[in-house]
Structure formats: structure tokens, C-alpha cells
Amino acid sequence: MGLRFESAAYLLLLIPAAVYVVWVWRSTERLRGGRRAAVATLRALVVLLLILALAGLQSFVATERKAVVFVADRSDSMAVEASLEAWIRQASAFKADEDAVGVISAALKPVVERGVAETPPDRFSFAGVVEPGFTDLDRALQLAASMLPDDAAPRVVLLSDGRENVGDALRQGRLLRDRGIPVDVLPLPSETRTDASVDALRLPSRLYQAEQYALEVAVTSTFAGAAELRVYEDNREIAVRRVQLEPGANRFALQGLAASVGLHRYRAELYANEDEVAANNAASAFSRVSGPPKVLLVEGGDGETANAANALDAGLVPYDVVQPEMLPQELSDYAAYESIVLANVSATRLSERQMEMIELAVRDYGVGLVMTGGDNSYGLGGYFQTPIERALPVYMDLRGKREMPSLAMALVIDKSGSMAGEPIELAKEAAGRTAELLREADTIGVLAFDSAPWWVVEPAKLSDREDVLRRIGSISADGGTEIYTAVEEAFRSLKDVDAQRKHIILLTDGQSATNQSYEALAEEMKGAGVSLSSVAIGDGADTTLLERIASLAGGRYYFANDSTTIPAIFSREAAMISRTYIVDRPFVPAIGQAADWQPLFAGGLPEVKAYVATTPKETAETALASPEPDPLLARWQYGAGRAVAWTSDLSGRWAGDWVAWSRFPDVFSRIVKWSFPQFESSAMELASRLEGNEATLTVTSRVAAVRGDVAAVLTNESLEQRRVELEPAAPGEFIGRTGPLAPGAYLTRIESAGDEGETIGETTGFVVPYSPEYAIGGEDGGAKLQRLAELTGGRTLDLARPEEVFAGDAPPKLRYRELWRELTVAALLLWVVDIAVRRLHIPWDRLLRRFRRQTAHASGPAAAPAAIERLRRRVADDRAPAGAISPNRARLNGDAAPRSAASQNAPAQEAPGSPSKAAPSAAPPSAPSPSEASAPTNASEDRMNRLLAARRRRGR
């Protein structure tokens, strides 16, 4: 047991504290007796306790308690976890009762499996969820050190194969050594498997169209056998080759032809029957094929892109034509094109992810976007509040522009248990979009149903849009499915609503519990002017019934195999039921903000018969407008890219005179070319070097100077972005590290932050391959573990001897206890006592005399009656006549008690045998003198004077 000060310098305050105590003694002269000494003593103790608290007074005791944290490597390169659990339990069985044990799982991120505690882990098993694709022993050791208590001898036991691929365990070991924490290591063998891995795919980073090139595939194998090697350009297979694997390193070369212009991702895949690990069977690389710019035409219907394709042919612009369902699923595929044309494509045929990738390609990678009109485009196509609408220069809704028919819509949404998760969330989003698309004068109702219908929003005017959205968000999924009663309830509530157009949208993913006659209900709906469209989600829905209901009720049927299209379906239905989005009146467009397009329209313009009404955005340029005026041709800059909206069609139904116009090919190709990326493609070049799961990016500039800071923006396959600031390393050269990256392809754009995010380099990319965890071979992990143990003063343990963990004596460890709380509380209590001594005067001598008198009076059994008798006599004395002397007053004056009358008058008797002598008789009582009469009055005055003097002293 001992004491120590954490901040002994504060003890110097004792010098001014002593001066303060002397000052207190001198300033309390008015206090008499022991009060003055008590105040000075209490004040000195308060100051002393506060100074000790500031100095960090601690008590300590020496202990030989041990604290051990096991760090278990649970990455994919390790063997079965059960053996690690058993070894930890066996080792912990040899600990003393006061020893403490903790457990951490090491992978990409460490996980605490068990906090440091004295209870033995008899039933321990791993429960934490880890990411086994990487091994980061550095962070695991750091976490273990932070868990070790200060009052025990610390130790870390590392169970691993030593094959770390993230961080640096030796660097962390040096930090642990400085803190006096040894690390014991238990080297474990990696799991041995029959495996073949594709280590790298190499090809030139730049190619020219029609150039032949060589691909080199590096493969490492642990066995000899036959395998098949396949190479893909984007998602198109370009080469297949049978190869013979040998143990060790293998190299295979293949020939390819750069046929398609743009940025391409190449992928090599290996297939072998004996291979037991599939995670390391592929490698990828990027290459940009230079040549004429290429356009992607997305055709919404037969013949929709024919006139556009003819115009691009006339302008010598290459293109690819695809259906919406065949659009790429990877962002890098969109970056291979200079522009994307959506020709009358409905949003219901595009997934939410595909629309997000198109928007991202335009905004961040400079890809152009052109949308043409038709009955499946713009608002009629369901693009309201979609990523495509964000990228285009027009809004899909009509914002206070014209008189529109009043609408009444009922949204009947299945909320059964099968809708739980993403379907119900997307259904709520779809209902919310519909509510935002309608006007305040329109009527909306939301009916959720399971086994019975339930009105979430009663049919009413959309006066409080926020309340409707809040109610829609409260829908939760549970229960069964009963369709008929829900549809009937929606129709009964909607038929009496005063509106020009009435419509029901039914959404479900299941089968109705009952079969009833929908024909009669549909006839009644038609008679009341109420239509119904149905949406079937997934293969579990009764598609036959839903299609029949929509047909009977005069609506449309949708099958949503991809539930992300549900919001677009609802938006499309809300737009179509109004029947005001298509403006069907011939007119000649008026020229607006045409700018550099002005020469294209010189000499007059053809007539347009119809178009889809939209609202131009605030910063958009309306080049051509209708008489309303609505935008017919609008454009704007969206991030790094450009977007154009043509609201009539290109098939010839609405703009037949335009597509037959002799100048149409030149006009349309010039419009598409305007949307091409505008930055110089060769301004900046990017090179990447991989180190584990991190990449070092090196950007080289080919221009004389770069304005502002340079940064690289990375986008992974999940469309998540990361910005990497690049630091100047040499003139025209910038370097930056990405930090940990997940395996996959990363598109990269280079921009100058000083120019408001201006893109100054072409889009490129790099690939982070599979984790080194799955690589064959590599460094000797056992040797690294041995160095770690030697560096920290630890031991190399034996798998067969778990008792070694707690073997040996632990160096004494001091256990400290902070005392500042106790000292502060004691100082506070003494301060209260000090106040009481200075402010409160207690007459201890008077209290003591009273106590003694009361004790003396209470000594006998007749004490109480005697006190009463004394009080009675005192009252009698006060009432006695002025000339009379009571017996009590006579005693107070020192006189003997008066004799009885008989004794006063009796003659003196001679004693027998004594000489005869007359006895003197008692003198008769005489009247009291004036001085005697005033004695009681003087005594009362003296008593009063003494009381007044005592009060004056107390006042001082």
C-alpha cells in the first residue's frame, strides 16, 4: 500500500496556502475562545484537501494479476474455427482466479468476441460477424492493447498464419513494445487446397480501332491438369482456349482485335474441375480504344430509332442499337459511349439502377444524353422524380400551365406478409410519387389490404400533401391477401366523388383468398366512369386474374418482375389518366435560345403535329418552343455532361414533316454531337499501382499548367463514390492514395477543384483484383510472427501446450486508485462546518450550567413536585403585601424562619438545678426599614441588567 501524486507540481500551492492560513488567524480576532482556533484549523484543512486533489493523490497496491487477450485470425486462409475455439478454452483453464481473459476476432475489421473478464470462458465460441476476405492484424493488435486493464500484467496472444494483407503488424508491434505489452504468437498453418488462381490480365491501356493486340494471362496453380480460359470484352466473349496447367507459375498469350471504340473492361476467367477455390479465378483490366465517337441508341419500340440511325449514318457517327431490357448493368459499359439516345423508352422498362447509372455517366463522366418524345416518353413514360428527370433539362409534370381535368385516384396496395421488405417500401414510394404528381384540387385515397381492406388515406382533396405522405409511410406488411373486397371498397368510395377522371391502381404480389365475379363489378365500374389498372409483382402474383381485371375495367396491366419499376408505373398511370400531356395541335415551332444552333434553323422549320408537354427547368435553354409555350427542343449542362430534350417523336407519327425534311440528318446529328464530352481527352493520364487493397494513383498532365487542386473521383460497381485528393509530386505530376478498396472495377475521372469541379481528363479506370487472401504463395507468415514476438519480448507458443499462456510469474503491477473524489467531498463537508462555526454562536457555558441544574433537580423521585413547589412560592412572593415578609423571601434575605406564636409568648423555663434567672423574651416584630423593603426590587433590576449586558455582547 502506498501513495503517489500524479501532478506533484501542484504541491507548491502549499506555500501560498500557509500564508493564507496566517491571514485567516489574524482576521478572526473578534472570535473568542476556541472558535478562533477552530476556524483557522478548518480553513487550513479545506485548502490542504483541495491541493491534494489537484495534485492527483492516488493510493496503490502491488498485484501479480495477469490479463491476456487472445487475437484469433478468422480470415479465409485459416483452418476450421472450432480448433481455435478449443485451444482458447484449454489455455484459459490454466489461469488463476484473479487473472482476466478477453478474445478478439481478426479479419478486415477486428471484432470483440469477449471483453476482458475474470470468469473463465468455459463455453466460448465465436459469434462475431467478420469480413474474412482480408487479414488486418495491425488493427486487431491495436484493439487488443486498448482492452488491457492498467491494474494487471498485460499480454496479447496472437493465433494466426501471419499472412496479413492489410496494415503492418510489425509497426503495431513497435508501439506495443514501447507500452510494455508482449505479444505471444501461435503460428498456425494455412489451409491447404487444390487451387488455381488468375493472378493478372495484361494488355495495352490504349488501343486504336481495328488494332490487333496480345493479352497475357498469368495463372498460378497447385496442381497439374487441364483447364479452360475465357476472355471477355465487357460482357461479350472474345476468346476461349483450352490450356494445360502445371504446378507453379503459368503464362498464356491470346490475340484480340480492338473492334469497338470506347472504354472497355476486359476480363479473363479460368475453369478447372480440380479447382476448390472460385474466388480467385478471374482478373480484369481496362483499355480505351480510340476512334470515332460512338452513340448508344435505346429503342422503345419497333422503328423508333430508324430515322435517328439514318441521321447518324449521314453524319458518320457510329452507333449501337439495343432494347431497354438489354441495357448494360455496369457503369463502365455506359462510359464506352459518347452519348446515349432514349427513343420513346418507357421508364417502366428501366430498372432504378440503370437510370442511376445513366445519370451518373452524364453528371460525372461527361456522357451525353438525348431523349426523344412519344406516347411512352417523359411524363407519359413515368419519368417523374426519377434519375433520368434529374439529368434532363425539363420537368415531367405540368406546373400551373394550363387547365387540367379534375382527377380522383385510389391506390389499392397489398400489405400482406409477402410484401415485406423492398416491395412494400417501393409501393410506398410509388404512392408518394403519385401524391406529389397530383394537384391540390385532385382527390386521392390510399387503401391498404391484407385479409381485409383498411383506408390509410380516406378519399379527399389533396389539401395537406405532407399529411398524406406521412400516412403512406406508416404502412407495414403483414396478414393474408383478399383482392375482391379491397377493389370493391375502393370503387364504392370513389364512384360518388365529383371528378372528371376516376382511376384505381391495384398492386399485389399474391393470390386472392376468394374467387368472386369481377365481371359484374367491372361493368358497374364502367357505368360509373371508374377505370382500373393492375400491377403484378413477381411470379407469385395471379397474373391471369390481374390482367383480366384490368381488361374488364378499361385499364392497363403491368408485370413488374423488377420491383424497382413500381414507382415509374404509378407515375405513368397518374400522367396517362389526365390525358393532357399530349398536345395534339399542328404548329410551326418558334425559335428561342438557339445560340450556336441558330444557323441550323435558318430558312424556316417544318410543322409539328403533336408533342409531350413538359416544363423547362430554370437554367435550361429552350431552343424551340410551341405556342403554349412548351419546350419542343431544350438543352442544358448537367455536371460534366450535356443533355437534350426533344419532346416530339422521331418515328414520323407526330413529326413526319421533320423526319422528311432534307436538313433533318444534319440537324439531328449536330444535336447529338453537341452532347458529346467537351473536355480534351488527352489532357491527363492516370496510372494506378495496387498494394494490397489500396491503390496509389499517379496523374500526369500533358498541358502546360493545371488550375486549382487536382482530385480523382472513383465510382465502384455499387455506384458509391470516393474523392481522392492528389498532391503535386513533380511538375505536371500528381500522386494520391485511395485508402482501402473493396475488390472490383473503379471508374475514375480527374477534375480540378479550383475550377468548380471542371473535368480535365478523360474517363478511365482500374481494377482492384480479388483479395490477396486467396492468392497462392506469398510471403512466409511464420517468419513475420517470429519477428513480432522477438520485437515485443513475447514467446512462440506450441499448439500442443496451451498451458504455456499463463505459465511463469507475472511482474508486479501497481493498481492505482484515484482519491480526488473523496478529497473533494471531505473539503466540501469541512467548508460547511467552517461556515457553521463562524456564523453560529452557541453559549456552551450557560447550556452546561442549565444542564447541571436540571440534572441536580432531577436526581430524586420528588424532583418534579419540588420544582412546582418552588414556582408556587415564587408566585406567592410576588403577590405578598409590600410590608410583609414571606418565609421564602426571608430565606432569600438570610433571615431565620419566624417562630410560631406559641413559642414567642411562652416564658422561659429554667433548667433544673440552675440558678434562677429571668430568660430574655423575643423582641416583637418591627416594621421593615425602607432599605429592607426595596431589596427585592433591586435584585430584579440587577437580573435585568445582566440579561441586557449579555444580549449586547451577543450582538457584538
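All residue numbers refer to positions in the sequence shown, counting from 1. Quick note: numbers below take in every heavy atom, side chains included, and nothing from hydrogens, waters or symmetry partners. Because the structure is a prediction, the values reported are computed rather than measured.
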Is it the case that T135 and E773 place a side-chain donor and acceptor less than 3.5 Å from each other?
yes
Indicate yes or no: does K428 engage E425 in a salt bridge with an N to O separation below 4.0 Å.
yes
Tightest non-hydrogen contact, residues L650 and A308, listed as CD1-CB, 4.1 Å
Salt bridge E440-K461, side-chain N to carboxylate O under 4.0 Å
no
More than 12 heavy atoms of other groups within 6.0 Å of D498 CG
no
R501 versus I577, closest heavy-atom pair with distance:
NH1-O, 3.3 Å
Less than 4.0 Å between a side-chain N and a carboxylate O, is that true for E356 and R353?
no
State, without any angle test, whether E113 and S105 hold a side-chain donor-acceptor pair at a distance under 3.5 Å.
yes
Regarding Y334 and Q354, is there a side-chain donor-to-acceptor distance under 3.5 Å anywhere?
no
I'd like to know if E85 pairs up with R123 as an ion pair, taking the criterion as any Lys NZ or Arg NE/NH1/NH2 lying under 4.0 Å from an Asp or Glu carboxylate oxygen.
no
Do you know which two heavy atoms are closest between A431 and I413, and how far apart they sit?
CB-CD1, 4.0 Å
Considering residues, nucleotides and ligands other than K109, do more than 12 of their heavy atoms fall under 6.0 Å from its NZ?
no
Criterion salt bridge (charged side-chain N to carboxylate O under 4.0 Å, His left out) on E304 and R653, from CA distance to verdict
CA-CA 10 Å; E304 292 288 349; R653 294 191 304 273; 3.6 Å; yes
Report the C-alpha separation of Y378 and E389 in whole Å, then their side-chain angles, then the decisive distance to 0.1 Å, and conclude whether the side chain to side chain donor-acceptor pair (under 3.5 Å) test is met.
CA-CA 8 Å; Y378 296 102; E389 183 192 36; over 6 Å; no
Decide whether D320 and Y337 meet the rule of one side-chain donor and one side-chain acceptor closer than 3.5 Å.
yes
Can you tell me how the ring of F124 sits relative to the ring of F126, calling it parallel under 30°, perpendicular over 60° and tilted otherwise?
perpendicular
Quick check: closest heavy atoms across E618 and Y395, and the distance to 0.1 Å?
OE1-OH, 2.8 Å
What's the shortest heavy-atom distance between T615 and P631, and which atoms?
C-CG, 4.5 Å
Give a yes-or-no answer on whether the side chains of T508 and D414 include a donor-acceptor pair shorter than 3.5 Å.
yes
Salt bridge check, R230 against E269: does any charged N sit closer than 4.0 Å to a carboxylate O?
no
Report yes if some heavy atom in the side chain of E422 is under 4.5 Å from a heavy atom in the side chain of T564; otherwise report no.
yes
For A420, does its backbone N or O pair with a side-chain atom of K415 as donor and acceptor, under 3.5 Å?
no
Is there side-chain contact between F559 and T565, with heavy atoms separated by less than 4.5 Å?
no
Would you list the pairs meeting ring pair (Phe, Tyr, Trp, His ring centres under 6.0 Å) in which at least one residue belongs to residues 470-491, sequence neighbours left out?
Y484-Y518
No-hydrogen, no-angle side-chain donor-acceptor test under 3.5 Å, N344 and D649
no
Is it true that a side-chain atom of K495 and a backbone atom of G527 form a donor plus acceptor pair closer than 3.5 Å?
no
What I want to find out is whether R470 reaches E466 closely enough, with some N-O distance under 4.0 Å, to be called a salt bridge.
no
Check R265 with E717, please: is the shortest side-chain N to carboxylate O separation under 4.0 Å?
yes
